[in-house]
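A quick note: this is a predicted structure, and the numbers were derived from the prediction, not measured. Residue numbers start at 1 and run along the sequence shown.
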Amino acid sequence: MRKYTKNDILEFVEEEDVEFVRLQFTDLFGSMKNLAITSGHLKRALDNKVMFDGSSIEGFVGIDESDLYLYPDCGTFAMFPWRPQHGKVARLICDVYRPDGNFYEGDPRYILKKVVSEAAGEGYTLQVGPECEFFLYHLDDNGLPTNITHEQAGYFDMGPLDFGENARRDIVMTLEEMGFQVERSHHENAPAQHEIDFRYDEALPTADNIMTFKMAVKTIAKRHGLHAAFMPKPKSDADGSGMHINMSLSKDGVNLFQDDRDPCGLSREAYYFLGGLMKHMKAMTLILNPVVNSYKRLVPGYEAPAYMVWSARNRTPLVRIPATRGKDTRIELRSPDPSCNPYLAIAVCLAAGLDGIRNQIDPPDSMDMNMNALSAQERKKLGIERLPENLKEAVDEFEKDPFMREVLGEEVCRKYAEAKRREWEAYNRQISEWELRNYLLRI
């Protein structure tokens, strides 16, 4: 993507007749927020003078310290291709600051920037490549989303089996207009499920791109009369959607994870990074899989991982080492889903990996067998642990690991855990269709 300066943006907006600029930021729980300004107020925004009420954003500040400011990142300037030629619309992703000119500590983008800066101080740069999956479902007569589809397409199927092929094509073209380098797109395993992969980048641009990707996918899908669902598991009898995170660490432009002398092609740094991920994985799961529905996906028998193992040979474990080696050697974490906040998800992954390197944490031995084919007794004998099985377990693990507080901050951890406990309690108070079907007549 082209990198703009403040003057570049002002000139572009004037020359291209841009009428509106959306100042975007992401809240603690991964929802994109925005404030629209007219082009006449753009200079003021670029001078960091736009204020908003932070107490109205869940997980941000209280009413007694509500004034926060949006500081646009000029490098994120982009046009919305789906808006009209007359009265064009652009966007800028913003950092959130306090009135005294300091970063707001609860801004997820700041948290990621802080971890990236710590890594850079040790000479490390993280490269991240996400694999983003989603469903394209019908809308009802009122324009509201459903989980209904009439297609029966599967992995790599094409039209006419793939009813969403045209929408997916338009999404790809829109992303490329916005500066994305889309590497591939295809129908996924479940009916109406799709995947679009864009080129890896450094940690912060990748998190920005994931948020932009979700916005663009939803917008273009709606233009096709469809709803793009990033819900992890919309249907109990089909695979859910993941957001696998591929990571490699470089120093002076060299991939530190590669070592041709190792049987798996991995360096000591790669093993230690993996060791850090495995050590903190139970606590990180709350960030990587943050909603009740996330844990309906992380069950045996489907394509999502349920057990805390790694392998360089098969696709069922939590962490996979893809076959590509050499300068493209990477670690693929398969548990994250698209409901996560990408800034926080990448931050905890990088921080955990660095902790592994700093403390030379060795990972457990690899498990090169199909996890779903093992019995409970076999897994117990091998010492294989399971990921948290529900949101409550994930919150408990999150609160037990002091490392999460070091990475995210005490206040963010407290607010996040409290919100997720409330979500779990609200879920448990609901009466499900399953309960009615199984108990109403029989009891």
Derivation of the side-chain contact (heavy atoms from CB on, under 4.5 Å) call for Asp262 and Ser267: CA-CA 7 Å; Asp262 180 74; Ser267 67; over 6 Å; no
May I ask you to decide if the ring planes of Tyr71 and Tyr97 are parallel, tilted or perpendicular, using 30° and 60° as cut-offs? parallel
Assign the ring pair Tyr416 / Phe398 to parallel, tilted or perpendicular, where the plane angle (0 to 90°) is split at 30° and 60°. tilted
Judged by modelled atom types alone, do [X] and [Y] share a side-chain donor-acceptor pair under 3.5 Å?
{"X": "Asp53", "Y": "Ser56", "answer": "yes"}
{"X": "Glu202", "Y": "Thr125", "answer": "no"}
{"X": "Thr212", "Y": "Arg91", "answer": "yes"}
{"X": "Asn359", "Y": "Asp355", "answer": "yes"}

Tell me whether [X] forms a cation-pi arrangement with [Y], defined as NZ or CZ under 6.0 Å from the six-membered ring centre and within 45 degrees of its axis.
{"X": "Lys214", "Y": "Phe230", "result": "yes"}
{"X": "Arg268", "Y": "Tyr272", "result": "yes"}
{"X": "Lys233", "Y": "Tyr302", "result": "yes"}

Give a yes or no on this: more than 12 heavy atoms of other residues, nucleotides or ligands lie within 6.0 Å of atom [atom1] of [X].
{"X": "Glu14", "atom1": "CD", "value": "no"}
{"X": "Lys251", "atom1": "NZ", "value": "yes"}
{"X": "Lys222", "atom1": "NZ", "value": "no"}
{"X": "Tyr427", "atom1": "OH", "value": "no"}

In a table with atom names and distances, give each donor-acceptor pair under 3.5 Å that connects a side chain of residues 18-26 to protein atoms at least two apart or in another chain.
residue: Arg22; atom: NH1; partner: Asn34; partner atom: OD1; Å: 2.9

Check whether any side-chain heavy atom of [X] lies under 4.5 Å from a side-chain heavy atom of [Y], and answer yes or no.
{"X": "Pro300", "Y": "Met371", "value": "no"}
{"X": "Phe60", "Y": "Ser55", "value": "no"}
{"X": "Phe403", "Y": "Leu408", "value": "no"}

Determine whether the aromatic ring centres of residues Phe180 and Phe213 are separated by less than 6.0 angstrom. no
I'd like to know whether Arg109 forms a side-chain contact (heavy atoms from CB on, under 4.5 Å) with Ile93, so could you lay out the CA-CA distance, the side-chain angles of the two residues, the decisive distance to 0.1 Å, and finally the verdict. CA-CA 10 Å; Arg109 199 169 190 263; Ile93 295 175; 3.6 Å; yes
Scanning both residues in full, the closest heavy-atom pair of Tyr104 with Gly59 reads OH-O, 3.8 Å
